[in-house]
Engineer: 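Before I ask anything, let me first share the structure, which is written out below as structure tokens.
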Amino acid sequence: MADPDGAEAVSLAQCAESVLKQRLEVMLSHAARVRLGADIEAVHDMRVASRRLRAAVSVFGEQFPSSAFVKFAGEVRLVTRALGTARDLDVMIGALEALGNAQPTRRQAGIMALVAAKRTERRRQQKDVGAALVRLEKRDLPALLSVISAGLAPGPLADPEPSEAFHAQEATDA
Amino acid sequence: MPKPLTPADDLRDCAQGWIAQRLSEMLEWEPFIRDPAYVTELHAMRIAAKRLRYTMEIFAPYAGGGLDSLVDSVKQLQETLGEIHDADVLAPELAGQARKELAPLVTGGETVGAAGRDLESVVGLAIAAAAQQRLRKTLYRNFVSQWRTFRKGGAVEILQSGAYMLASEPAPKKAKRPRPAPPTDVPAASEPESV
């Protein structure tokens, strides 16, 4: 395989490291906007980025047979969950508001009561999102990934069958 | 943009293995497409489609463009399934709220009478729920159509076989003389139709 400049071959392990690093950076780049709590698109962007990172974690997990990598994967999963719940509520609130606004005023009260209930739920969830971001910062995933990469050695091909640990994580995330 | 993978690449094997696996996970839910009432199964298919898409996106830069239209097709399937799921979540939420609004009237009976509740708000909730049902029917028809196009276009076979790797052979180190570019491994007729 050629590197991004097409100059020389890179191994599967090097590609794995590169993809994980790039996807982690993208995910973390959205954290500041999410922390502010004012921009629902920031939550969406970070959630999508975390999902993409998780996909890479699944694909390349066998390249990193270490407890540090399992920890890394677990941290990504936690933040994905917190963001996912928040995003689902944002989508629902937006859809309900649109449905309510499509009704004549006299028929809006029930839908708007539901919107209010979902907004309360969303505010609570923002606390979970904030806690997940604090945890993410404390865990310092870029440093953790560096530690994982430092122990990386070219080896046999990864079995495309994901490990039991990743299966378990994905099943709970569905 | 990285060069396309060759048969000697570890990464190529990895890509083909994982894409084929994620595809098979999505195809597990295909039998449930025939009936719109399989709400949970269609949601599971959406999650599987998302995993397939994200896995394809990892390897797309190395596939010489051979995965790009396939990624778009899977994304469209995933998004339509997502909209179906949104309707499946919203309709019960609206119905549940209507039940809450009606509960005092039902339990209070004649002591509440017709004076106690604003039933117009319940009508609003019911109309919105019905709108979600209609939208869901339309989205389901769209999805079935998109799936047929996906299938007829040979996308499944291409993803299973790894034929999306457009440059399947390593380039010769020394070309004796210039010659026209060979045809790609994936004939145009095998490309999935745009959906």
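Convention: sequence-line order gives letters A, B, ...; per-chain numbering from 1.
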Engineer: Is A/L99 close to chain B through its backbone or its side chain, or both, or neither, when contacts mean heavy atoms under 4.5 Å?
Structural biologist: side chain

Engineer: With chain B, which of A/G110, A/A117, A/A113, A/A56 has the greatest number of heavy-atom pairs at distances under 4.5 Å?
Structural biologist: A/G110

Engineer: How close do A/V59 and B/W18 get, counting heavy atoms only, and between which atoms?
Structural biologist: O-NE1, 3.3 Å

Engineer: Calculate, to the nearest 0.5 Å, the distance between atoms NZ and CZ belonging to B/K50 and A/R54 respectively.
Structural biologist: 11.0 Å

Engineer: Which heavy-atom pair separates B/G124 from A/Q103 by the least distance, and what is that distance?
Structural biologist: CA-OE1, 3.6 Å

Engineer: Working to the nearest 0.5 angstrom, can you tell me the gap between A/M92 CE and B/L90 CG?
Structural biologist: 5.5 Å

Engineer: If you count the non-hydrogen atoms of other residues, nucleotides and ligands that lie under 6.0 Å from CD in A/E41, is the total more than 12?
Structural biologist: yes

Engineer: For B/R99, look at atom CZ and say whether over 12 heavy atoms of other residues, nucleotides or ligands are found less than 6.0 Å away.
Structural biologist: no

Engineer: Could you measure the distance from the CG atom of A/L96 to the CD atom of B/Q132? Nearest 0.5 Å is fine.
Structural biologist: 8.5 Å

Engineer: When you group the ILVMFWY residues by side-chain heavy-atom contacts below 4.5 Å and let the links chain together, are A/L114 and B/V122 in the same group?
Structural biologist: no

Engineer: When hydrophobic residues are tied together by side-chain contacts of less than 4.5 Å, even through go-betweens, does B/W29 share a cluster with B/V156?
Structural biologist: yes

Engineer: Would a hydrophobic clustering, with Ile, Leu, Val, Met, Phe, Trp and Tyr connected at side-chain separations under 4.5 Å, put B/L27 with B/L77?
Structural biologist: yes

Engineer: CD/B/E93 to CD1/A/I111 distance, rounded to the nearest 0.5 angstrom?
Structural biologist: 12.5 Å

Engineer: Spell out, yes or no, whether A/I93 and A/V34 are grouped together once hydrophobic residues are joined by side-chain heavy atoms under 4.5 Å, including indirect joins.
Structural biologist: no

Engineer: Cluster question for you: counting only ILVMFWY and a side-chain heavy-atom cut-off of under 4.5 Å, with indirect links fine, are B/F32 and B/I84 together?
Structural biologist: yes

Engineer: Which atom pair, heavy atoms only, marks the closest approach of A/R52 to B/R53?
Structural biologist: NH2-NH2, 3.1 Å

Engineer: As an exercise, state the distance from CG of B/L119 to CZ of A/R107, rounded to the nearest 0.5 Å.
Structural biologist: 11.0 Å

Engineer: Go through it in stages, so that I can follow the logic: the residues are B/F59 and A/V19, the test is side chain to side chain contact (heavy atoms under 4.5 Å, CB included), and I'd like the CA-CA distance, side-chain angles, deciding distance and then a yes or no.
Structural biologist: CA-CA 10 Å; B/F59 300 110; A/V19 168; over 6 Å; no

Engineer: I would like to know whether B/Y54 and A/S58 meet side chain to side chain contact (heavy atoms under 4.5 Å, CB included); could you show each step before the answer?
Structural biologist: CA-CA 11 Å; B/Y54 288 164; A/S58 288; over 6 Å; no

